[in-house]
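Hydrogens, waters and symmetry mates are skipped; everything else that's a heavy atom, side chains included, is used. Order of appearance sets the numbers: ligands from 1, and atoms from 1 within every ligand. Worth saying up front: this structure is predicted, and the values here are computed from it rather than measured.
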Amino acid sequence: MDVPYRPTELISLTYGLSLAESMEVLLLLFLSAFLIASVFFVAVIPGRRAILLDRFQTSKQKASVSLTPPRLITPHEKQRPVRNTSQPQYADVFPPHRRLALADLPSDALKGSGATGLELSKLSPDYSKPVPDKAVSNSDELLDRTTPTGYSVAEIKRLGDFPDYASLSGIPLPTAYEAFNIDTAMPRPYRPYRWPYHQTMSLSKLDHDFWLELDKNYVSVIEQRQQLFQQYGDSVIRALPGSELACKELMEMVVQFLCARYPQHFRLDRVQLVFHNGILDTQTDLNATEPLHVLLQHVPEDFAIMVRDPLTGIYSFRAGIIMSSLGWNLGSKIGLKLSEIHSPVPEYKEKMQFSMDRYFAKKPTDRAIQRGSWGLEVDQPLYMPPGDPQEAHREEQNPELTVDRVHLRVDWQTLRRLPLSGAVVFNFKGLFTPVTEFRNEPYIPSLILKVLKEGKRSIMEYKSTWHTEHVVIPALEQYEREQIDNGLIEKDWEPQTLDESPFFPGWEEKWHRQQGF
Ligand SMILES: *[C@@H]1O[C@H](CO)[C@@H](O)[C@H](O)[C@H]1NC(C)=O
Ligand SMILES: *[C@@H]1O[C@H](CO)[C@@H](O)[C@H](O)[C@H]1NC(C)=O
């Protein structure tokens with residue numbers, strides 16, 4: 001499913017930003033790129049809202065909508081009244097609850113005495129006493145509090161450790177990946193290029209087999225992340241009070257996912273609460289390990305957990321593990337509300353905040369989404385905290401640079417709501433591919449060339465591709481000529497978003513060949 005995307009605003013948001021600010025906007029990508037399309041669409045054209053939300057909620061993948069936006073916003077146009085955002089607006093707004101799922105659980109799913117799942121499934125949620133998003137002195141006082149998805153903490157406690165999150169969330173567990181070989185595995189070759197650049201935003205329904213994706217770099221990336229933790233500590237991983245339920249739930253969902261997806265490598269002992277990792281040959285006592293540290297030890301991906309403030313219904317960044325950020329880090333953003341995180345983005349408050357907060361307030365648990373953004377990098381900079389010396393590389397076109405050092409960096413992102421705690425979780429991974437790979441990928445060189453040469457300057461600046469272009473453009477031109485000469489692509493092909501996007505024709509064959517399975 002593609003959602004109409006309005007480039008002009010993004011340009012106006014990013015145009016004229018300094019390098020550091022542009023990189024700050026990467027956060028916009030992580031926290032809001034999912035939403036930019038809808039945000040403007042919803043904010044500006046109320047009559048379109050129903051259509052848009054409908055699209056967001058359609059689960060058909062690649063329904064390929066590319067609506068032409070009815071009109072553009074220009075600075076001259078009348079501004080919508082600025083809302084008083086310090087006033088609670090979403091205190092009464094909740095996502096659709098899924099209490100009916102309780103009826104589908106096996107009869108022993110709820111521990112201890114009390115109503116059965118079937119009985120509980122018929123009760124309406126009582127939102128009058130919401131779970132706080134901060135520390136409480138006595139955890140018993142939480143028991144009758146209700147999460148944004150309509151469960152009381154007492155109910156969540158009765159569900160115990162590792163409840164059936166597939167039923168609870170409405171998003172199935174992944175299928176077992178029997179053929180998978182960790183020694184040769186590669187991530188899918190994400191090439192999220194599109195043209196016209198502004199046409200669509202390529203949001204799609206989460207491909208639930210690929211929420212998390214392991215590859216042959218697993219061991220080294222886990223090691224690298226442990227080192228980053230040693231070096232940066234709570235600048236890269238932290239859980240603020242009020243995020244406990246969400247952190248435990250996320251960890252359990254991740255463990256369930258890994259065990260279902262890669263049964264040859266992972267096993268959970270539900271009685272002892274021990275997680276067996278056959279790749280690293282480790283056992284982790286889940287009862288004695290902080291949930292985010294379980295993720296740190298086993299998952300080479302980033303997570304940001306957004307928790308609802310019960311007074312305002314606004315979400316803030318309360319916990320996470322982030323090791324692939326460029327130009328910002330978790331330490332500088334944790335605890336902030338969505339709007340505060342985006343405060344460097346011009347016009348965010350006037351034009352986006354309302355819709356963004358609203359989207360978070362209502363996001364249904366069973367509608368997870370995914371998308372990719374891309375950039376070109378020298379080598380493979382994964383984590384670049386503010387002020388990192390690597391930033392300087394982006395301000396020069398190094399004459400010594402050779403094409404084999406240039407990589408496509410794709411940040412593949414997913415967004416979903418956790419079913420019990422009601423927290424919203426971003427997950428993302430930074431994936432690097434040498435640009436030389438594009439040589440035999442039909443249409444990809446032409447498509448990137450089109451974007452690099454004709455894409456709006458401001459967007460390209462924001463992507464920070466300039467420092468590689470003196471090397472990449474000639475290489476891609478050569479690949480394009482070769483592809484025409486070899487008959488791989490038509491001579492007069494007019495670059496446009498591929499039907500296979502975010503992949504390319506023949507990607508599966510290449511992917512399987514490279515992995516040997
Ligand atoms: C917004 O609302 C708050 C609380 O009701 C009030 O104190 C504040 O003055 C208002 N701000 C504006 C700009 O109206
Ligand atoms: C987990 O820890 C708690 C308290 O430390 C203990 O009471 C409980 O028995 C432990 N559970 C398991 C499965 O080890």
Side-chain angles (χ1 to χ4, degrees), residues 101-102 104-117 120 131-147 149 151-169 173-174 176 212 222 226 229 233-234 237-299 303 305 307 318-321 418-423 425:
L102 291 174
D104 299 334
L105 300 179
S107 56
D108 60 354
L110 287 147
K111 323 280 183 283
S113 57
T116 64
L120 292 174
V131 177
D133 66 345
K134 34 184 94 59
V136 290
S137 48
N138 174 359
S139 64
D140 283 347
E141 73 184 68
L142 287 178
L143 289 174
D144 63 344
R145 301 300 190 94
T146 303
T147 68
T149 39
Y151 294 101
S152 72
V153 173
E155 288 168 339
I156 295 175
K157 291 224 180 304
R158 283 189 65 201
L159 285 167
D161 300 318
F162 294 93
D164 175 359
Y165 287 112
S167 300
L168 291 165
S169 66
L173 277 176
L212 310 173
I222 293 284
Q226 303 270 15
F229 169 63
D234 68 2
I237 175 169
R238 204 183 309 175
L240 297 183
S243 65
E244 296 84 356
L245 279 177
C247 289
K248 172 177 186 282
E249 184 176 20
L250 175 63
M251 178 276 286
E252 292 182 343
M253 288 172 73
V254 163
V255 165
Q256 278 184 351
F257 179 97
L258 292 176
C259 292
R261 182 66 172 156
Y262 308 104
Q264 63 274 54
H265 295 307
F266 301 103
R267 190 167 59 81
L268 170 66
D269 179 338
R270 286 191 57 172
V271 177
Q272 302 295 326
L273 288 180
V274 172
F275 179 56
H276 296 259
N277 183 326
I279 306 173
L280 299 173
D281 198 21
T282 58
Q283 281 101 49
T284 303
D285 179 355
L286 300 181
N287 205 25
T289 311
E290 290 289 334
L292 291 185
H293 282 261
V294 176
L295 301 183
L296 172 68
Q297 290 167 23
H298 301 283
V299 189
F303 298 91
I305 299 178
V307 175
R318 299 294 296 178
I321 169 166
L418 304 182
L420 297 178
S421 65
V425 173

J.: Any non-hydrogen protein atom below 4.0 Å of atom 9 (O) of ligand 2?
T.: no
J.: Please list the nearest protein heavy atom to atom 12 (C) of ligand 2 with its residue and the distance rounded to 0.1 Å.
T.: Asn287 ND2, 3.3 Å
J.: With a 4.0 Å cut-off on N to O distance, would you call Lys248 and Glu252 a salt bridge?
T.: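 Counted as a salt bridge, because a side-chain N and a carboxylate O are separated by less than 4.0 Å.
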J.: Flag yes if more than 12 heavy atoms outside Gln226 fall under 6.0 Å of its CD atom; otherwise flag no.
T.: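 Check passes, neighbour count above 12.
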J.: Give the residue and atom name of whichever protein heavy atom lies nearest to atom 13 (C) of ligand 2, and the separation in Å to one decimal.
T.: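 It is Val271 O, 3.3 Å.
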J.: Kindly give the heavy-atom pair with the smallest separation between Val299 and Ile222, and that separation in Å.
T.: N-CD1, 3.6 Å
J.: Is atom 5 (O) of ligand 2 less than 4.0 angstrom from some protein heavy atom?
T.: no
J.: Output yes when a side-chain donor or acceptor of Gln297 lies under 3.5 Å from a complementary backbone atom of Thr284, and no otherwise.
T.: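 Not confirmed, Gln297 side chain does not pair with Thr284 backbone.
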